[in-house]
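Heads up: the structure comes next, in structure tokens.
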Amino acid sequence: MSQTLKQKPTTHGFAKAAIKELGWWRAHKFLFLRRLSQVCVFALFAISPFIASWAGVWLLKGNLSASELFGVVPLSDPLATLQVLMTGHLPELSLILGAVIIVLLYAVLGGRVFCSWVCPVNMVTDLASWLRRKMNLPRTAEMPRNLRYYLLALVLILPVLTGMTVWEWLNPVPILYRAVLFGAGSGLWILAAIFLLDLFISERAWCGHLCPTGALFGLIGKVSPVKVSAVNAKDCDNCMDCFVVCPERQVLKPALKGKQPMITDSDCTQCGRCIDVCAQRVFQYQNRIALKAENNQ
């Protein structure tokens, strides 16, 4: 297996075996569910003003930086909250409480679940990845994966030096929301730059190597009990489809080759695409706490 795993991933006949063996739906299930999740979160922000004018109740007010669920439960981006704290200003209690709620939520679900199941920029970077496969573009040199942690540190240092939440001016997530919901397209060049970077310069550059928000959620998700696991690694036929589609392919090899089948690397976005495209059903989601309790019985 070790020699085969080092082969260059190929897009020839990509996921054809999974579609033939499992059917189109099961070979795309998690991709479809992720898109549904991303669109539904966006739609809740979009339709809430109309529902509020009709029923007097806000379903989800604000954006992914700071919002309120049903006008009562605060939800806020932990990174945005940290930036406010680093400016030396004490934010409103609701902002801090909202950040705590989000941290606890993603500590349970897996931090980078946000990246693949909620973040709208993921649709832009996935499109670039899909086009790379369709255009059969060659693999390009990858950036250092720890670069995003240096950028995270920079994002938190800048408020100390400037007294302002500098990153929020450039953060592509609220930029995309503002552009679609309010027609504010002044920052769309950032999204275009991310798309072109991922497509022509470095594969999965933004989400896999640069995004400071993803870096923070990766740290939050280290303690998560929910993980993808190569439960049937012995059945792997080395088709390499999981390596082609995985946004963080470096997390797969230890699970397929090592003694520990569970992917514990916090870089994993838990997108479920490795589960989708594997005709051999090698991967599945597992709860490591429940699994440990079961093994101890």
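Position 1 is the first residue of the sequence; numbering continues from there. Note: hydrogens, waters and symmetry copies are ignored here, and every other heavy atom, side chains too, is used.
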Looking at Asp267 and Arg148, does any basic side-chain N land under 4.0 Å from a carboxylate oxygen? yes
Is it true that Phe30 and Phe283 have ring centroids separated by less than 6.0 Å? no
How about OH on Tyr285, more than 12 heavy atoms from neighbouring residues, nucleotides or ligands closer than 6.0 Å, or not? yes
Using atom types as modelled and distance alone, determine if a side-chain donor or acceptor of Arg288 lies under 3.5 Å from a backbone N or O of Ser224. yes
Do Ser129 and Arg204 pair up side chain to side chain, a donor and an acceptor below 3.5 Å, judged on atom types alone? yes
So how far is it from Leu75 CG to Ile101 CD1, rounded to the nearest 0.5 Å? 6.0 Å
side-chain contact (heavy atoms from CB on, under 4.5 Å), that's the test. Do Trp167 and Leu158 meet it? Break it down for me. CA-CA 8 Å; Trp167 170 242; Leu158 284 174; over 6 Å; no
For the CH2 atom on Trp25, are there more than 12 heavy atoms of other groups (residues, nucleotides or ligands in this structure) within a distance under 6.0 Å? yes
Under 3.5 Å, is there a donor-acceptor pair between the side chain of Ser116 and the main chain of Thr269? yes
Look at the side chain of Asp237 and the backbone N and O of Gln280, then say whether any donor-acceptor pair between them is shorter than 3.5 Å. no
Say whether Leu22 and Met240 are linked into one hydrophobic cluster, either directly or through other cluster members, by side-chain heavy-atom distances under 4.5 angstrom. no
Presence of salt bridge, Arg281 and Glu21, under 4.0 angstrom: no
